[in-house]
2 protein chains.
Amino acid sequence: MAVTSPSRTQEERSRDMRALLIEATLDCLQAQGFHGASLSVILDRAGVSRGAWAHHFSSKHDLLAAAAEAMMAEAAVAARAVTATLDGEEDRFAALIEQVWQRFYRGRHRDVLFELVVACRTDGELAQRLRPVFIELIESFRGAWGSATPDASGGGDLLTLTLFVLRGMAMQEMLAESADGQAALRGLWTGISRDFLQSRHDRPLRQGAGGPLLGAIT
Amino acid sequence: MAVTSPSRTQEERSRDMRALLIEATLDCLQAQGFHGASLSVILDRAGVSRGAWAHHFSSKHDLLAAAAEAMMAEAAVAARAVTATLDGEEDRFAALIEQVWQRFYRGRHRDVLFELVVACRTDGELAQRLRPVFIELIESFRGAWGSATPDASGGGDLLTLTLFVLRGMAMQEMLAESADGQAALRGLWTGISRDFLQSRHDRPLRQGAGGPLLGAIT
DNA sequence: CGGCATACAAACCAATCGGTCGGTTTCTTT
DNA sequence: AAAGAAACCGACCGATTGGTTTGTATGCCG
């Protein structure tokens with residue numbers, strides 16, 4: 001018999017353990033919130049010891065930040081994939097909004113995202129570390145939006161407004177889930193924004209909306 | 001000389017102490033966030049002892065809930081006062097949105113509100129206790145909205161959408177304050193929504209927006 | 001095979017958490 | 001004035017926090 005072949009490489013073990021801890025962290029953030037996601041709870045859920053965590057992360061803060069980065073990075077990938085799914089849709093505009101809603105403003109991603117945003121407000125260090133991934137996700141949205149609304153002009157602001165609406169809608173659902181999941185209001189918004197895009201060519205808007213606009217974050 | 005007259009009545013002292021603790025709690029929620037607002041920090045800011053807190057509140061949870069209720073109740077009063085300030089405004093619609101933004105989606109109220117909403121997600125007890133005050137504030141908004149958009153039909157959904165936009169906008173500002181405080185995008189939204197209200201009489205919306213709509217919360 | 005670094009476990013630690021308790025001051029009541 | 005209740009203080013408590021350390025098993029490499 002040959003030398004005992006390692007069942008799993010060290011690199012594999014390391015990678016898997018990190019992923020396991022990160023996943024448990026995200027689950028805890030959803031289930032218990034930021035203040036309830038203590039190290040003990042996270043490790044208990046992951047089913048590993050304190051030493052495992054200490055070996056792979058320098059602090060609890062580090063674990064949280066890594067988990068946040070992982071979730072956001074994965075989200076950015078998914079956001080870029082959305083564009084492809086729009087092919088064949090008769091109403092690319094409505095389909096895009098619906099997809100973004102379903103994937104990014106519901107479930108664990110939404111729950112954890114809100115925890116993170118609120119945490120970032122009082123934790124400059126975390127905010128600074130997460131800024132790149134926030135921006136990356138938004139840029140991915142912008143790309144998908146551009147492919148769904150071919151006419152170049154003015155779409156940027158409308159995307160920002162759309163994300164505002166989805167966020168406010170998500171906040172609403174967090175407090176009290178509605179029966180239809182706010183589908184009716186999303187339909188209303190889709191109609192309003194499309195009408196606006198349509199009529200925008202002909203007549204100017206009553207109230208000026210000039211001025212520099214900064215990109216939305218998440 | 002008469003018997004030593006008390007400088008302050010017991011009822012006064014009690015009321016003031018409660019208010020002092022509540023105020024300190026709200027300040028801490030803004031400055032340190034939910035997870036950072038420990039009892040020690042709050043009491044230190046208020047400048048009172050642990051015993052004072054214990055005498056007036058049954059638990060930390062109780063203090064937090066009381067502080068939240070106080071802030072929301074005060075906000076509801078302010079929301080009802082907004083209607084009056086609209087008199088004399090040439091553009092009541094835009095003025096209302098601006099007032100709501102300035103008073104309820106900026107500063108301490110916004111910061112604490114987001115902390116509370118996120119906390120409520122994982123704290124059913126708190127959520128249940130705060131639900132009435134959330135609803136009360138929204139109802140106050142609805143009253144003001146009705147007075148700014150006299151034509152009865154359909155305004156309700158548009159108010160909800162407007163609150164969604166303001167929330168999403170507030171979330172944006174929490175992460176990264178913009179130079180103009182999102183004034184341009186508010187202007188854009190004001191124009192879009194007014195156009196929609198205007199054109200709503202003539203032609204129907206492309207995509208149906210029927211179905212029962214639940215009232216927005218906060 | 002053997003020396004070694006990595007991966008992980010579990011006991012341990014000081015600090016802080018929310019909460020309690022005996023004691024003192026301040027108002028109220030008779 | 002005296003007795004009693006309410007307001008308030010500050011020391012104290014057990015539980016839990018994030019973090020460390022010591023020990024062991026396992027994959028890596030000469």
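Residue numbering restarts at 1 for every chain, and letters A, B, ... go by the order of the sequence lines.
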Between [X] and [Y], is there a side-chain N and carboxylate O pair less than 4.0 Å apart?
{"X": "A:Arg108", "Y": "A:Asp27", "value": "yes"}
{"X": "A:Arg110", "Y": "A:Glu173", "value": "no"}
{"X": "B:Arg80", "Y": "B:Glu136", "value": "yes"}

Of B:Val48 and A:Gly51, the one whose nearest nucleotide on DNA chain D sits closer to the 5' end is B:Val48

Closer than 4.0 Å, any side-chain N/O of [X] to the OP1 or OP2 of [N]?
{"X": "B:Ser40", "N": "C:dC17", "result": "yes"}
{"X": "A:Thr9", "N": "D:dC28", "result": "yes"}
{"X": "A:Ser14", "N": "C:dT6", "result": "no"}
{"X": "B:His56", "N": "D:dC8", "result": "yes"}

Rounded to the nearest Å, what distance is computed from the [atom1] atom of residue [X] to the [atom2] atom of nucleotide [N]?
{"X": "B:Leu43", "N": "D:dA11", "atom1": "CG", "atom2": "C1'", "value": "15 Å"}
{"X": "B:Met17", "N": "D:dC8", "atom1": "CE", "atom2": "C1'", "value": "7 Å"}
{"X": "A:Leu21", "N": "D:dG19", "atom1": "CG", "atom2": "C1'", "value": "15 Å"}
{"X": "B:Arg8", "N": "D:dA6", "atom1": "CZ", "atom2": "P", "value": "18 Å"}
{"X": "A:Leu39", "N": "D:dT20", "atom1": "CG", "atom2": "P", "value": "11 Å"}
{"X": "A:Asp44", "N": "D:dT17", "atom1": "CG", "atom2": "P", "value": "11 Å"}
{"X": "A:Arg13", "N": "D:dA25", "atom1": "CZ", "atom2": "C1'", "value": "8 Å"}
{"X": "A:Glu12", "N": "C:dC8", "atom1": "CD", "atom2": "P", "value": "12 Å"}

Distance col, row A:Glu74:CD vs A:Ile22:CD1, nearest 0.5 angstrom, shows 10.5 Å

Worksheet entry | C:dG18 base / B:Arg50 side chain donor-acceptor hit below 3.5 Å | yes

Nearest to the side chain of [X], heavy atoms from C-beta on, is which of [options]?
{"X": "A:His55", "options": "C:dG18, D:dC28, C:dA7", "value": "C:dA7"}
{"X": "A:Ser49", "options": "C:dC8, D:dG18, D:dA7", "value": "C:dC8"}
{"X": "B:Trp53", "options": "D:dC8, C:dA10, C:dG19", "value": "C:dG19"}

Checklist line | Check: A:Arg186/A:Gln182 side-chain N/O donor and acceptor closer than 3.5 Å | finding: no

Sorted by position of nearest nucleotide on DNA chain C, 5' first, the leading residue of B:Gln10 and B:Lys60 is B:Lys60

5'-most contact on DNA chain C (nearest-nucleotide basis), A:Ala52 vs B:Glu11, goes to A:Ala52

